[in-house]
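No hydrogens, no waters, no symmetry mates; every other heavy atom, side chains included, goes into these values. Because the structure is predicted, anything quoted here is derived from the model rather than measured.
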Amino acid sequence: MSQSELSNLIWSVADLLRGDYRQSEYGRVILAFTVLRRLDCVLEPTKAAVLKEKEEKAAIGLNPDPFMRKASGATFYNASTLDFTKIIGDQDNIDVNLMSYIEAFSPEVRDIFERFNFAEIVERLAKNKLLYMVTERFAGFNLHPQRVTNSQMGLVFEELIRKFAEASNDTAGEHFTPREVIRLMVNLLFVEDDDILSKSGIVRTIYDPTAGTGGMLSVADEYLMEHNPDAALTMFGQELNDMSYAICKADMLIKGQDVRNIKAGNTLSEDGHPNTKFDYMLSNPPFGVEWKKVQKEVQREHKEKGFTGRFGPGLPRVSDGSLLFLMHLLSKMRPAKDGGSRFGIVLNGSPLFTGGAGSGESEIRRHVLESDLVEAIIGLPTDLFYNTGIATYVWILSNRKPDHRKGKVQLIDASGLWRKMRKSLGSKRREISDEGIDIVTRLFGDCTEAQMATLFDADGKEIGREVVESGQAAPKAPEGGRVKMQPLSLLLSTKAFGVRQITVERPLRDESGEIALGQRGKAKGKPQPDTSLRDTEIVPLTEDVEEYFQREVIPHVPNAWIDEAKTKIGYEIPFNRHFYVFEPPRELAEIDAELSEVTRNIQRMLVELAG
């Protein structure tokens, strides 16, 4: 049975729930019972050995936990004499026995079922006279590791999570990142690491501070297994939402990961992995969500720890905490001397440009750009995510940039690389095409500039697209048609995003119109500024301030000067501006001819109607 067939079979339990449960509630029941049945099958071969250790060690006063864990052959155990077969064999006490069975698991597994609110699930199923039927149906699924491997079971579980996300349309985006977005990020994460993609015995760590249901970690593991089965990823994560945390932890358990690496809680106020560094990191933090609830803790860490803490560069406005997660990931980077790190994070457009020079957002951008940590920013198509249709961007950062990337940032506009979905899911109407993922991955891997050539026929209809990399010739226009060239990938200096905000002062004049001079201190004998005439100018870091001032200001206000003490350096990334291509309007004669033709058609139709 294929993974898809097995996931469909398991999801068919929803037929039993229909009528008593809403469609969006199916997933909670099905996922919890899938985990329980899988664990039951995994522990079946060592059940007798575990019970023997429990009895022997308890008899001599020893804590049996480590011995039962070792005897189970897994990272967890169950100390009950019950199993699924025995539980369905006692129909009258099925609810009591199920809960007794859950309580006999090792602590890390009990935590999963507590987060699932399994007691509530059992109570409701029993109340609706469905508990025995659901349990019996799951008892009939053979999920033994010899029948379904950890990798296969992980894929089945992912498929069930996706079905749950689709059934919960309105809230899917809270715990589910579109798979093609994750695939793109994972490609970019690993594309330059030859060791992990080719050498045997390589072990790397990967971390997601907003783990959701664990989709990013799972796709990263799947990618690595596909390219190098002899390498391994050790997964770490943290998640705030109880349901998502339970699903993520269960998925990691099914995959054979150490679930103690998955922590619950708010990453910003309670770091679940303090002082731990990682090789790779991925994150899709919530877009535009305020961080007022954790404001006190974050501000305290910023003030007391500075750059020795997580939020040294600055704090964004309270209305959007996205950049706090970016700084959190920066603090988790392994030092470059120890191999360094690379991470990808999905952000909306706000972190690119919100906040002027000297603001918290600008200071954070300044830190990552002046430290040469930004490798690339990729603009994604709109309408990709389940709960928003806004523009989104993938940032790739690393403290182990190869020499050919140093001092540069690659911008890739993938906003046009999409295909329409057959069926919309919430706000998600589009998906990135496989071709689009391949194009972005190749452009990033080659670190090259490129343009997108769009070909139009004589009637103005688009007939094809072609990526033209740096040094390649543009395609020829079709007969009677045209070719439109649009930037696709750009390589820019990190300084290209920096500006100086200079303060331009003009002299204060007294009642007689004379320039007022200072009377004391450093200001003595110098023109005094008229604050009502004060203005600011933005000068790119790549341009000399004095030259700019003489060219742009002095010809208009000859007696102006720069107050050097007020100069601020700021950074913004005007992504769309770099990809804007001016299209001249059509010739006036062409527009007149078209209007004349339309007018003639209207007059003809009026005559026909009158006749």
For this session: May I ask you to say whether Lys428 pairs ionically with Glu180, meaning some side-chain N is under 4.0 Å from a carboxylate O?
Result: yes
Exercise. Is any side-chain N of the basic residue among Glu192 and Lys401 closer than 4.0 Å to the acidic one's carboxylate O?
Worked result: no
For this session: Run the salt-bridge test on Glu572 and Arg365 with the 4.0 Å N-O cut-off and return the result as yes or no.
Result: no
Problem set entry | Salt bridge present between Arg28 and Glu25 (N-O < 4.0 angstrom) | no
Seminar exercise, completed: CH2 (Trp418) and CD (Glu431) are apart, to the nearest 0.5 Å, by 11.0 Å
Problem set entry | Note: Asp434-Arg183 ion pair, threshold 4.0 Å (strictly below) | yes
For this session: With rounding to the nearest 0.5 Å, note down the distance linking CG in Leu490 to CD in Gln410.
Result: 9.0 Å
Problem set entry | Cation over ring face, Arg366 and Tyr571, 6.0 Å, 45° | no
For this session: Only pairs at least two apart or in different chains count here, so list each side-chain hydrogen bond (donor to acceptor under 3.5 Å, both in side chains) that has a residue in residues 444-463.
Result: Glu462-Arg465
Exercise. Nearest 0.5 Å, what's the CD1-OG1 distance between Ile562 and Thr536?
Worked result: 12.0 Å
Exercise. For the atom pair CE (Met281) and NE2 (His328), what is the distance rounded to the nearest 0.5 Å?
Worked result: 8.5 Å
Problem set entry | Glu361/Arg317 salt bridge by N-O under 4.0 Å criterion | yes
Problem set entry | ring-ring contact (aromatic ring centres under 6.0 Å, His included) contacts touching residues 346-371 (sequence neighbours left out) | Phe307-His367
